[in-house]
Amino acid sequence: MSTSRQGSEGTAPLVVKIGGAAGVDLDNVCADVAELRRRGEHVVVVNGGSEAGDALLASLGMERPEALTASGNVVRLTNEATLRVLTMAWVGDVNKRAVLALLARGVNALGLCGADGRVLVARRRPPLKVQEGARTRIDRGHLAGEITEVNTRLLRVLMEAGQTPVICPPAVTEDGVLVNVDADQVAAAIASALGARALVMLSNVAGLLEDPADPATLIRSSDDVERVMGFAKGRMRYKLEAARRALVGGVPAAYVTASSTARPVLSALANEAGTHLTAPRRVAHAGA
């Protein structure tokens with residue numbers, strides 16, 4: 001992936017990813033972003049939109065079918081019609097709600113999807129080999145991609161102009177096709193490309209738990225993402241993978257915490273809540 005490090009060009013920004021699942025407190029997160037901006041920090045916000053996307057699809061009598069790939073993975077398929085609806089939800093609904101929440105707190109915010117200004121360029125994934133019983137078929141309509149380039153020049157121009165970029169999927173390919181990209185990976189790619197000082201991912205759970213049913217098993221910090229990823233279930237695996245990519249990309253720290261926590265971004269940065277992931281340090285638990 002093409003990246004341009006922040007280096008000596010200015011203070012390293014912070015990347016804040018707001019999850020799109022049910023129960024995520026958008027206003028709570030935006031209040032912290034506003035406080036960080038008042039302190040003079042540059043912030044890039046990334047929003048997901050899974051709940052809003054699924055709700056809009058359901059309201060239109062549509063759904064995202066799941067398929068079993070020949071390699072044994074279960075994927076949610078994204079065809080052209082589905083992606084059009086998801087884009088309505090991600091860009092037209094959730095992204096603009098985040099922008100309005102920031103504007104209401106005195107923050108100049110500018111919402112963009114990956115195609116705007118080619119802020120997120122992606123390589124389309126190859127056709128899927130889908131297993132249907134004993135038969136394998138090729139699905140050429142699946143619109144998914146991997147981010148290859150972040151338009152850091154545009155993001156820096158916006159931040160230097162006093163704007164807070166709010167970015168969301170989809171991304172765009174070199175030949176102008178919209179493709180679905182995971183919002184956690186968007187946040188990791190932007191953090192790496194900008195040389196961010198940290199990536200903070202807000203969701204509807206307290207952080208990474210060794211036992212998802214027991215909040216007391218919260219892993220407070222770890223320098224070994226590969227090992228603790230074994231505890232991750234469901235969407236948490238995507239967040240851990242995004243954290244791993246950000247750390248490999250040179251971001252000093254990544255945090256996963258609940259958006260409903262008091263001062264969620266600030267408390268995560270102060271190591272008072274959530275899971276703190278870095279390069280080499282030992283695991284410590286909430287009860288330690």
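Within the 4.5 Å cutoff, the side chain of Arg39 has heavy atoms near those of the Leu266 side chain. Inter-residue side-chain proximity for Arg76 and Asp54 is flagged as met; some heavy-atom pair is nearer than 4.5 Å. Using a 4.5 Å cut-off on side-chain heavy atoms (C-beta onward), Ser259 and Asn28 make no contact. Asp214 places none of its side-chain heavy atoms less than 4.5 Å from the side chain of Leu209. The closest side-chain heavy-atom distance from Pro170 to Val91 is below 4.5 Å. When side chains are defined from C-beta on, His42 counts as touching Arg37, because their heavy atoms get closer than 4.5 Å. Annotation: side chain of Val29 is not in contact with side chain of Asp25 (no heavy-atom distance under 4.5 Å). Counting heavy atoms from C-beta on, the side chains of Arg84 and Leu178 never come closer than 4.5 Å.
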Taking it one step at a time, do Leu202 and Thr257 satisfy side-chain contact (heavy atoms from CB on, under 4.5 Å)? CA-CA 5 Å; Leu202 290 305; Thr257 191; 3.3 Å; yes

Given Tyr255 and Val265, is the side-chain contact (heavy atoms from CB on, under 4.5 Å) satisfied, shown in steps? CA-CA 9 Å; Tyr255 303 84; Val265 181; over 6 Å; no

Can His276 and Arg220 be said to form a side-chain contact (heavy atoms from CB on, under 4.5 Å), step by step? CA-CA 6 Å; His276 177 202; Arg220 294 298 302 272; over 6 Å; no

Does the salt bridge (Lys or Arg N to Asp or Glu O under 4.0 Å) test come out yes or no for Arg237 and Asp184, once each step is laid out? CA-CA 10 Å; Arg237 290 194 61 82; Asp184 291 322; over 6 Å; no

Show your working on side-chain contact (heavy atoms from CB on, under 4.5 Å) between Leu83 and Trp90 and close with a plain yes or no. CA-CA 10 Å; Leu83 186 57; Trp90 299 335; 4.0 Å; yes

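Between the CD1 atom of Ile167 and the CG atom of Asn95 there is a distance of 7.5 Å, given to the nearest 0.5 Å. From Ile190, atom CD1 reaches atom CG of Asn151 across 10.5 Å, with rounding to the nearest 0.5 Å. How far CG of Leu26 is from CG of Asn47: 8.0 Å, rounded to the nearest 0.5 Å. Here the NZ-CE distance, from Lys17 to Met201, works out to 8.5 Å after rounding to the nearest 0.5 Å. The NE2 atom of His142 lies 6.0 Å from the CZ atom of Arg125; values are rounded to the nearest 0.5 Å. The NZ atom of Lys233 lies 10.0 Å from the CG atom of Leu208; values are rounded to the nearest 0.5 Å.
Atom CZ of Phe231 is surrounded by more than 12 heavy atoms from other residues, nucleotides or ligands within 6.0 Å. For Arg38, the CZ atom counts as densely surrounded, since its 6.0 Å shell holds more than 12 non-hydrogen atoms of other residues, nucleotides or ligands. The 12-atom threshold is not exceeded at CD of Glu80, counting heavy atoms of other residues, nucleotides or ligands nearer than 6.0 Å.
Cluster membership check: Ile18 does not share its hydrophobic cluster with Leu158, using side-chain heavy-atom separations under 4.5 Å among Ile, Leu, Val, Met, Phe, Trp and Tyr. A continuous path of ILVMFWY side-chain contacts below 4.5 Å connects Val15 to Val181, so both sit in one hydrophobic cluster. Criterion: ILVMFWY side-chain heavy atoms under 4.5 Å apart, direct or through other members. Under it, Met229 and Val205 are part of a common hydrophobic cluster. The cluster map of Ile, Leu, Val, Met, Phe, Trp and Tyr, joined by side-chain heavy atoms under 4.5 Å apart, puts Ile147 and Leu194 in the same cluster. Tracing side-chain contacts under 4.5 Å through hydrophobic residues (I, L, V, M, F, W, Y), one never reaches Leu128 starting from Val179; they form parts of separate clusters.
The two residues Leu269 and Ala198 make their nearest non-hydrogen contact at CD2-CB, 4.1 Å. Considering all non-hydrogen atoms of both residues, Pro252 and Ala196 come closest at CD-O, 3.3 Å. Residues Ser203 and Val24 share a closest heavy-atom pair of C-CG2, 4.0 Å. Considering every non-hydrogen atom in both Arg64 and Leu77, the closest pair reads NE-O, 3.6 Å. Closest of all the heavy-atom pairs between Val94 and Gly48 is CG1-O, 3.4 Å. Taking each heavy atom of Val150 and Ala193 in turn, the nearest pair found is CB-CB, 3.8 Å.
The pair Glu41-Arg197 meets the salt-bridge criterion, since a charged nitrogen lies less than 4.0 angstrom from a carboxylate oxygen. With salt bridges taken as basic N to acidic carboxylate O contacts below 4.0 Å, none links Asp175 and Arg124.
Among residues two or more places apart in sequence or in another chain, the salt bridge (Lys or Arg N to Asp or Glu O under 4.0 Å) test is passed with Asp32 by none.
Side-chain atoms of Ser267 come within 3.5 Å of backbone N or O of Arg263 as a donor-acceptor pair. A donor-acceptor distance shorter than 3.5 angstrom exists from the side chain of Gln131 to the backbone of Gly133, with no hydrogens or angles considered. For Ser50 (side chain) and Gly20 (main-chain N/O), a donor-acceptor pair under 3.5 Å exists by modelled atom type.
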Side chains of residues 97-122: which donor-acceptor partners sit under 3.5 Å, not counting sequence neighbours?
from: Arg97; atom 1: NE; to: Asp93; atom 2: OD1; distance (Å): 2.8
from: Arg105; atom 1: NH1; to: Ala101; atom 2: O; distance (Å): 2.8
from: Asp116; atom 1: OD2; to: Cys113; atom 2: N; distance (Å): 2.9
from: Arg118; atom 1: NH2; to: Glu174; atom 2: OE1; distance (Å): 3.1

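Shown are Asp139, Ile138, Thr69; of these, the side-chain contact (heavy atoms from CB on, under 4.5 Å) with Lys129 is made only by Ile138.
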